[in-house]
Amino acid sequence: MCFSPSNRYISPEMASVNPCAAEIAAAVAATIGPDVRAEDLKVEAPPRPELGDFAVGMFAVAKALRQPPPAIAARVAAELPRTGLVTGAEAAGPFVNIRVDRVWALRWLAAGELVPPIGRGKVVCIDYSSPNISKHLAYHHIRSTMLGHALAELHRALGWTVIGINHVGDWGTTHGMLLGAFQRWGGEYPTLDITALNALYVRYRAAIEQDPSLEAEARGWFKRLELGEHEARALWQRFRDISMAEFQEVYDLLGVKFDFDGGESFYEDKMAEVVAMLETKGLLEQSEGATVVRLPDEKNPILIKTKDGTSLYATRDLASALYRKRTWNFDRSLYVVDRGQSTHFRQVFKCLALMGFDWAAQCQHIPFGLVRFGGKKTSTRAGSTGTGDRPFLLRDVFDEAIEQVLPIITEKNPDLDAEIAARTARWVGIGAVVFANVVPQRDKDVDFDWDRAMALSGDSGPYLQFTAARCSGIARKAGSPASQRATADWSLLTHDAEWAVARRLLDFGDHVARAAASCEPHILAHYLLDLAGDVSRWFTLGNDEPALRVIVDDPALRAARLALVEVVRHALARGLQILGLHAPERM
RNA sequence: GGUCCCAUAGCUCAGUUGGAUAGAGCGACGGUUUCCUAAGCCGUAGGUCGCAGGUUCGAUUCCUGCUGGGAUCACCA
């Protein structure tokens, strides 16, 4: 048995992509006998490191062999060959705790990629951010934007081909209202920016309350838009351009990029075909003037056309799903949209299935909880948060966070170039806000709180960035620009704190794979916090014992430790990048 | 009322197909800077895992019911 950093044990279905875990599973399975496959074994970490490096429970095996788990564990511990990766095994009740050759593990870390390319050859479409035009990016847009971005990067890291889609809300009766509003009051807004557009929209909605006939007028405008009337189209295009330019500035701040930004309007000439397909399949029905499709186990039908004959949200999502399948032939198509639209997506996917598209099963709504305001602590500095007339903008939160961070950066790094200090403040401030939004489970509502959203200490983005910066600082101080990874003598890393870091690093790919599979970026976020904790504990040892510092006199030992620092720095930076944060060199 | 989501330390949250003594952060208290970044590290205190049943060798995890909170229920998106 020869351990090598290849991906020969890796398959998409495997629970673990940790190469050591895979090796151990194979060895344990071979020891138990022919009835057990390596894939059936769950290799995990023991609750405490003193117990061992890896643990395998014998529960599932016990059922198959009809023997009590502790008996099997005892036999495996005794018979498991101490060769290759495995250096020791001990039974602890139903568990077998295994120790591994640290040098082999470290060698793999230095040579291998942290994330195995288990998604190579597969395509995933991810629909995220997707704001409505003529409105600012409000604070709550951060969730779809950054969760979607993280999911895109997670899949990309695993080798998937990712199509990031910004499905902008640029179509529908709403935009008819905007045209109607501009027609009436446009002259009152000399600089037509996004604030003006939003004001026009709000004003029109208010006017509808007084005069319900305006609603019909808005429908009329949208009808003209759909018919391609020149004046309506030109105005609409202008509104769209203004909005997209505004969005782009915020996306640039966040480092978010899309592969396709055709919004709902992109599908206007693609809906007729979908409606025709529904017609051909005999799925269409008239109901209360509207055209609908009845769905199994659904209280309400899905609306295809209004009584005016105009298209609806669902019509466009059917057309876009079909377009995405035809254009990119995805293996997975994700919609990162808030939980309030669960019913809508369930209906759209059911409708696709009803149309006979088996790939409807590849479409998945990735819901997330709402951002709430009005928690008790949001009062003073929050200003108009949530309750006021003024929208609570994403930019406002970023500005506040950056403003808070900048003096800390300049204080701690007095010799730092002003421009770099400003950039670092931007990275750290925005990083704090972004991290606060990806660290909780997707499904949970988050109650906005200034202190929590901008936390700089504890389980926070800046803590991770700080740890990465410490790695950079050590490498900088050591003054060896060339990589140490290839030549390091790993056997010199004998301290448990060093091993704790290495052991944690082995799990990196596992967590990326799990986070992508379950569409839960917080799995990676929490992993990175654990990693940063291990690293910080290791670095702190050097405070009392200079011999444990990375930079020591012995050149071989220093090189080995620097190599581990290099892998850590790489892992932290990669993880942060996936979550949408930058890793500064200094902070 | 129907459907769906949530409930774990004072607060905010983790807890990987059911498995070893349920873990972090914040807040509180106490240590730690002649030490590669103290945005750090260590310690103390803090839990009937909402309630009641069920499944099993074993349930915070799976099932049912209940309580409490949230989302949603056709011509907006």
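A note on names: the letters A, B, ... follow the listed sequences, proteins ahead of strands, and every chain is numbered from 1. Remember, predicted model here, so these are calculated numbers, not experimental data.
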Enquirer: Return the set of residues passing ring-ring contact (aromatic ring centres under 6.0 Å, His included) with A:H140 (not counting sequence neighbours), or none when no residue passes.
Expert: none

Enquirer: Under the side-chain hydrogen bond (donor to acceptor under 3.5 Å, both in side chains) rule, collect the residues that match up with A:E44, sequence neighbours excluded.
Expert: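 Here no residue qualifies.
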
Enquirer: Do A:S311 and A:R316 pair up side chain to side chain, a donor and an acceptor below 3.5 Å, judged on atom types alone?
Expert: yes

Enquirer: With a non-hydrogen cut-off below 4.0 angstrom, is A:P46 in contact with a base, only sugar-phosphate, or nothing?
Expert: base

Enquirer: Counting only pairs under 3.5 Å, give me each side-chain donor-acceptor contact of residues 89-99 of chain A, with atom names and distances, residues two or more places apart or in other chains.
Expert:
residue, atom, partner, partner atom, Å
A:R99, NH2, A:E50, O, 2.5

Enquirer: Each nucleotide N or O in nucleotides 57-59 of chain B that has a protein N or O under 3.5 Å away: list the pair and distance.
Expert:
none

Enquirer: Identify whether any heavy atom of A:V428 sits under 4.0 Å from a base atom; if not, whether one sits that close to sugar-phosphate; answer base, sugar-phosphate or nothing.
Expert: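 Touches a base.
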
Enquirer: If pairs are Watson-Crick or G-U with both distances under 3.5 Å, what is the dot-bracket string of RNA chain B, marking crossing pairs with [ ] and pairs to another strand with |?
Expert: (((((.(..((((.....[...)))).(((((.......))))).....(((((..]....)))))).)))))....

Enquirer: Can you tell me which nucleotide in B:G40, B:A71, B:U72 comes closest to the side chain of A:R372?
Expert: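 Of the options given, the side chain of A:R372 lies nearest B:A71.
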
Enquirer: With heavy atoms under 4.0 Å as the rule, sort A:R452 into base, sugar-phosphate or nothing.
Expert: sugar-phosphate

Enquirer: Quick one: list whatever passes ring-ring contact (aromatic ring centres under 6.0 Å, His included) with A:F508, sequence neighbours left out.
Expert: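 With sequence neighbours excluded, A:F508 shows a ring-ring contact (aromatic ring centres under 6.0 Å, His included) to A:Y527, given in chain and number order.
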
Enquirer: Looking at residues at least two apart in the chain, or sitting in another chain, which of them share a ring-ring contact (aromatic ring centres under 6.0 Å, His included) with A:H175?
Expert: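 Partners of A:H175 by the ring-ring contact (aromatic ring centres under 6.0 Å, His included) criterion come out as none, since no residue qualifies.
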
Enquirer: Counting only side-chain heavy atoms from C-beta out, which of B:C41, B:A74, B:C73 sits nearest to A:V292?
Expert: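 Shortest atom-to-atom distance from the side chain points to B:A74.
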
Enquirer: Would you kindly check whether a donor in the side chain of A:R339 faces an acceptor in the base of B:U72, or vice versa, at under 3.5 angstrom?
Expert: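 There is none.
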
Enquirer: What's the gap between B:G58 and B:C6 when it is taken at their C1' atoms, as a whole Å value?
Expert: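 Comparing C1' positions in B:G58 and B:C6 gives a spacing of 26 Å.
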
Enquirer: Which residues pass the ring-ring contact (aromatic ring centres under 6.0 Å, His included) test with A:F222, not counting sequence neighbours?
Expert: A:W171

Enquirer: Answer yes if the ring centres of A:F349 and A:Y335 are under 6.0 angstrom apart, and no otherwise.
Expert: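 Ring centroids of A:F349 and A:Y335 are less than 6.0 Å from each other.
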
Enquirer: When the P atoms of B:U16 and B:A22 are compared, how many Å lie between them, rounded to an integer?
Expert: 15 Å

Enquirer: What's touching nucleotides 75-77 of chain B from the protein side, N or O pairs under 3.5 Å?
Expert:
residue, atom, partner, partner atom, Å
B:C75, O2, A:K307, N, 2.8
B:C75, N3, A:E288, O, 3.4
B:C75, N4, A:E288, O, 2.7
B:C75, N4, A:E288, OE1, 3.4
B:C76, OP1, A:R219, NH2, 2.9
B:C76, OP2, A:R219, NH1, 3.2
B:C76, OP2, A:R219, NH2, 3.4
B:C76, O2', A:T174, OG1, 3.0
B:A77, OP1, A:R316, NH2, 2.9
B:A77, OP2, A:Y313, N, 3.4
B:A77, O3', A:E264, OE1, 2.7
B:A77, O3', A:E264, OE2, 2.5

Enquirer: Quick one: which protein N/O atoms are closer than 3.5 Å to N/O atoms of nucleotides 14-16 of chain B? Pair and distance per line, please.
Expert:
residue, atom, partner, partner atom, Å
B:A14, OP1, A:Q441, N, 2.4
B:A14, OP2, A:K444, NZ, 2.9
B:G15, OP1, A:H522, NE2, 3.1
B:G15, OP2, A:Q441, NE2, 3.0
B:U16, O4', A:R514, NH2, 3.0

Enquirer: For A:A45, what residues pass the side-chain contact (heavy atoms from CB on, under 4.5 Å) criterion, not counting sequence neighbours?
Expert: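 For A:A45 the side-chain contact (heavy atoms from CB on, under 4.5 Å) partners, ignoring immediate neighbours, are A:R503.
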
Enquirer: Got a sec, which residues hit side-chain contact (heavy atoms from CB on, under 4.5 Å) with A:L312, two or more places apart in sequence or on another chain?
Expert: A:L303, A:T306, A:T315

